[in-house]
Undergrad: 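Pasting a structure here, questions to come.
Index from 1, following the sequence. All values reported here derive from a predicted model rather than from experimental measurement.
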Amino acid sequence: QVQLVEAGGGLVQPGGSLRLSCAASGSIFSIYTMGWYRQAPGKRRDLVATISFSDGSTKYDDSVKGRFTISRDNAANTVYLQMNTLKPEDTADYYCNAHVATMMGAVLDKWGQGTLVTVSS
């Protein structure tokens, strides 16, 4: 099995910064992509950013471009999301996602448990 463990959420004032991390573990053969999605109360879960573990290419939602940076540590099977200049509208549960191939030959789409980010004064 594959597990994702997220960390780094919390309360921050507008204009502040937070760094999220998500570590994948278990029966992993390779990771294709990892990313972050977020879901505000009463809204759907939307893409924030993704990164390819093969070539490092990234994709961002327009609302976070220039403020958020996604990065990865291939050796640690970990993805990070550096969030700067946070706004109240960034408040949401942030979910890590990983698209992985397992040792048993399966391809899985895994989700973390979510970490709450609250931007408020």
Side-chain angles (χ1 to χ4, degrees):
Q1 268 292 4
V2 175
Q3 299 83 36
L4 301 180
V5 177
E6 301 153 338
L11 173 65
V12 64
Q13 292 187 341
S17 298
L18 280 176
R19 189 190 196 208
L20 306 181
S21 65
C22 175
S25 63
S27 182
I28 297 171
F29 177 71
S30 66
I31 298 176
Y32 297 116
T33 63
M34 291 186 74
W36 292 92
Y37 291 71
R38 65 186 179 186
Q39 186 169 19
K43 296 189 176 182
R44 68 181 186 185
R45 188 175 298 185
D46 288 326
L47 169 74
V48 177
T50 61
I51 187 166
S52 165
F53 264 54
S54 60
D55 63 10
S57 57
T58 59
K59 179 180 179 180
Y60 294 92
D61 181 75
D62 286 344
S63 66
V64 306
K65 283 181 180 177
R67 300 188 298 121
F68 291 10
T69 302
I70 190 168
S71 60
R72 94 276 195 210
D73 182 338
N74 288 53
N77 287 340
T78 299
V79 66
Y80 303 95
L81 186 69
Q82 178 66 43
M83 303 185 293
N84 298 328
T85 319
L86 282 159
K87 305 175 181 179
E89 51 264 42
D90 295 317
T91 296
D93 286 304
Y94 283 70
Y95 294 90
C96 177
N97 173 268
H99 196 61
V100 305
T102 71
M103 294 292 189
M104 298 301 291
V107 177
L108 304 178
D109 195 42
K110 298 294 293 187
W111 291 93
Q113 77 282 3
T115 185
L116 178 62
V117 172
T118 303
V119 185
S120 175
S121 55

Undergrad: Do Val117 and Leu20 have side-chain heavy atoms sitting under 4.5 Å apart?
TA: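 Yes; the side chains approach each other to less than 4.5 Å.
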Undergrad: Would a 4.5 Å heavy-atom cut-off, applied to side chains only, mark Phe68 and Leu86 as touching?
TA: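 Contact flag for Phe68/Leu86 side chains = yes.
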Undergrad: Classify the ring geometry between Trp111 and Tyr95 as parallel (under 30°), tilted (30 to 60°) or perpendicular (over 60°).
TA: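 Trp111 and Tyr95: perpendicular rings.
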Undergrad: Could you check if a side-chain atom of Ser120 sits within less than 4.5 angstrom of a side-chain atom of Leu11, using non-hydrogen atoms only?
TA: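 Yes. Closest side-chain heavy atoms under 4.5 Å.
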Undergrad: As an exercise, state the distance from OG1 of Thr33 to CG of Asp109, rounded to the nearest 0.5 Å.
TA: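 Those atoms lie 7.5 Å apart.
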Undergrad: When you compare the side chain of Trp36 with that of Cys96, does any pair of heavy atoms fall below 4.5 Å?
TA: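 In short, these two side chains touch, coming nearer than 4.5 Å.
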Undergrad: Under 3.5 Å, side chain of Asn97 to main-chain N/O of Lys110, donor-acceptor pair present?
TA: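 Checked: pair present.
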Undergrad: Linking I/L/V/M/F/W/Y whenever any side-chain heavy atoms sit under 4.5 Å apart, do Tyr94 and Val119 land together?
TA: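 Yes; tracing contacts between hydrophobic side chains, which count when under 4.5 Å, links both residues.
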Undergrad: Can you tell me how far apart CZ (Arg67) and CD (Gln82) are? Round to the nearest 0.5 Å.
TA: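 Going from CZ on Arg67 over to CD on Gln82, the span is 12.0 Å.
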Undergrad: How many angstroms lie between atom CZ of Arg19 and atom OG1 of Thr69, to the nearest 0.5 angstrom?
TA: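 So the CZ of Arg19 and the OG1 of Thr69 are separated by 10.5 Å.
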Undergrad: Do we see a donor-acceptor contact under 3.5 Å between the side chains of Ser54 and Ser52?
TA: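 On atom types as modelled, these side chains qualify, holding a pair under 3.5 Å.
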Undergrad: When rounded to the nearest 0.5 angstrom, what distance separates CD in Gln3 from CD1 in Ile28?
TA: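 Gln3 atom CD to Ile28 atom CD1 measures 8.0 Å (nearest 0.5 Å).
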Undergrad: Decide whether Val64 and Tyr80 are clustered together by the hydrophobic rule: side chain heavy atoms of Ile, Leu, Val, Met, Phe, Trp, Tyr closer than 4.5 Å, transitively.
TA: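 Val64 does not cluster with Tyr80.
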Undergrad: Roughly how far, to the nearest 0.5 Å, is NZ of Lys43 from CG of Asp93?
TA: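 Nearest 0.5 Å value for the CG-NZ distance: 13.5 Å.
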Undergrad: Quick one: does Asp90's side chain get under 4.5 Å of Arg38's, heavy atoms only?
TA: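 Sidechains of Arg38 and Asp90: in contact.
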Undergrad: Can you hop from Leu81 to Leu4 via hydrophobic side chains spaced under 4.5 Å?
TA: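 Both belong to a single hydrophobic cluster.
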Undergrad: Can you hop from Leu18 to Ile70 via hydrophobic side chains spaced under 4.5 Å?
TA: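 Yes, same cluster.
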Undergrad: Identify the heavy atoms of Ile31 and Ala24 that sit nearest to each other, and give their distance.
TA: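 So the two residues come closest at CD1-CB, 4.2 Å.
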Undergrad: How close do Ala40 and Ala92 get, counting heavy atoms only, and between which atoms?
TA: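 Looking at all heavy atoms of both residues, the closest pair is N-CB, 3.8 Å.
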Undergrad: Looking at side-chain heavy atoms only, is the closest gap between Val107 and His99 below 4.5 Å?
TA: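 Val107 reaches His99 side chain to side chain.
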Undergrad: State, to 0.1 Å, how close Ser121 and Pro14 come at their nearest heavy-atom pair, and which atoms those are.
TA: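 Heavy atoms only, the tightest pair is N-CD, 3.7 Å.
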Undergrad: Please give me the minimum heavy-atom distance between Phe53 and Asn77, naming the atom from each residue.
TA: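 Minimum heavy-atom contact is CE2-CA, 4.2 Å.
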Undergrad: Within the structure provided, determine whether Val100 and Phe29 are in side-chain contact (heavy-atom separation under 4.5 Å).
TA: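 Val100 does not reach Phe29 side chain to side chain.
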